[in-house]
Participant: 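Here you go, one structure.
Start at 1 and go down the list; that is how both ligands and their atoms are numbered.
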Amino acid sequence: MKYSFNNLKEELENNNFNFKKKYGQNFIIDKNIINNIVEKSNVDKNTLVIEIGPGAGALTNILGEKAQNVIAYEIDKSLKPILEKNIHSNTKIIYDDFLKRNIKEDIKEYKYEKLYIIANLPYYITTPIIMKIINDKIPASKIIVMVQKEVGDRFKAKPGTKEYNSLTIFLNYYFNVNKIMDVSRNVFMPKPNVDSIVVSFTKKDKIFKVKNEQLFFKLVRDSFKQKRKTLKNNLKGYDLSKIEEILNKNNLDLSVRAETLSIETFIEIANNLDK
Ligand code: SAM
């Protein structure tokens with residue numbers, strides 16, 4: 001059956017589709033928003049796109065038109081009858097939990113020039129998904145995701161603000177982060193309680209000079225372990241004199257909280273600890 005965006009609502013109703021809150025199922029029902037996201041992402045026939053959570057296939061359909069191939073991970077098998085009507089032959093749906101997959105293995109058979117990740121994310125697992133993309137070193141040069149507005153604000157947060165956290169640092173370590181657009185809660189079915197934002201992450205060319213990435217990541221995670229606590233309390237197992245040396249150089253001391261430190265200061269500390 002030919003895909004018709006206007007009938008998406010009808011299709012979901014005809015199939016008696018039961019929206020599952022536990023999977024963060026809020027589907028976009030406004031074609032302009034979808035077109036806008038795809039247009040701004042510059043997907044072309046040399047692009048392999050990974051989509052997380054295709055839902056009823058609204059975004060998947062347009063991505064399939066523009067991309068070389070699309071691989072989409074959907075946890076809810078009950079979407080199959082609706083979703084498979086809406087996709088193109090260059091699209092493969094993997095009915096599984098994205099968080100449990102070996103993505104590099106899944107994309108091995110594809111030849112592509114560019115790999116993009118594009119998704120309207122299930123909001124209950126936004127951070128685990130982003131951390132998986134980072135930790136698994138999925139070789140995507142661009143990531144475009146729709147997230148809850150409040151979470152999106154954290155991605156670009158500046159040191160010293162309450163939105164600034166370890167995720168901000170990990171993201172800005174690898175990527176240039178940019179807002180693409182705001183999205184009203186009214187374009188979703190069912191309507192969520194929050195507005196959304198679309199953000200893009202583009203791989204940074206010049207990466208910071210971190211000697212030991214593992215140590216850097218651990219230091220950042222530990223520093224933010226208990227947000228209200230000072231560095232002195234959060235970093236008990238570390239060589240505090242080496243940390244203090246760098247803090248003092250930056251006119252800070254161990255009584256500050258992690259949210260005060262810039263990414264560069266964290267790097268300086270990690271490098272000093274690795275000496
Ligand atoms: N892309 C669709 C759209 O924009 O209309 C649906 C987006 S909806 C916010 C999130 C989708 O992610 C749902 O279809 C949900 O079933 C799926 N999902 C939730 N958890 C998942 C997981 N762990 N792995 C893969 N898909 C998941």
Participant: Do Asn36 and Lys40 meet the criterion of a side-chain donor-acceptor pair at a distance under 3.5 Å?
Facilitator: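 Distance-only check passes for Asn36 and Lys40.
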Participant: Quick one: salt bridge (charged side-chain N to carboxylate O under 4.0 Å, His left out) partners of Lys132, sequence neighbours excluded?
Facilitator: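 Listed in chain order: Asp136.
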Participant: Given salt bridge (charged side-chain N to carboxylate O under 4.0 Å, His left out), test Lys275 with Glu245 step by step and report yes or no.
Facilitator: CA-CA 13 Å; Lys275 267 184 187 159; Glu245 193 187 321; 5.1 Å; no
Participant: Could you check whether the rings of Phe175 and Phe201 sit parallel, tilted or perpendicular, using 30° and 60° as the cut-offs?
Facilitator: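 Phe175 and Phe201: tilted rings.
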Participant: With ring centroids as reference points, do Tyr173 and Phe216 lie under 6.0 angstrom apart?
Facilitator: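 Centroid distance Tyr173-Phe216: below 6.0 Å, so yes.
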Participant: Filter the ligand 1-protein atom pairs down to N or O on both sides and distance under 3.5 Å, then list them.
Facilitator:
unit_1   : atom_1 : unit_2 : atom_2 : d
ligand 1 : 1 (N)  : Glu51  : OE2    : 3.4
ligand 1 : 1 (N)  : Gly53  : O      : 2.8
ligand 1 : 1 (N)  : Pro54  : O      : 3.4
ligand 1 : 4 (O)  : Asn120 : ND2    : 2.8
ligand 1 : 5 (O)  : Ile28  : N      : 2.8
ligand 1 : 14 (O) : Gly55  : N      : 3.4
ligand 1 : 14 (O) : Glu74  : OE1    : 2.8
ligand 1 : 16 (O) : Gln25  : NE2    : 2.9
ligand 1 : 16 (O) : Glu74  : OE2    : 2.6
ligand 1 : 20 (N) : Tyr124 : OH     : 2.9
ligand 1 : 23 (N) : Asp97  : OD1    : 2.8
ligand 1 : 24 (N) : Phe98  : N      : 3.0
ligand 1 : 26 (N) : Tyr73  : O      : 3.4
ligand 1 : 26 (N) : Ile75  : N      : 3.3

Participant: Please check if atom NZ in Lys232 has more than 12 non-hydrogen atoms from other residues, nucleotides or ligands closer than 6.0 Å.
Facilitator: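 Not more than 12 within 6.0 Å, no.
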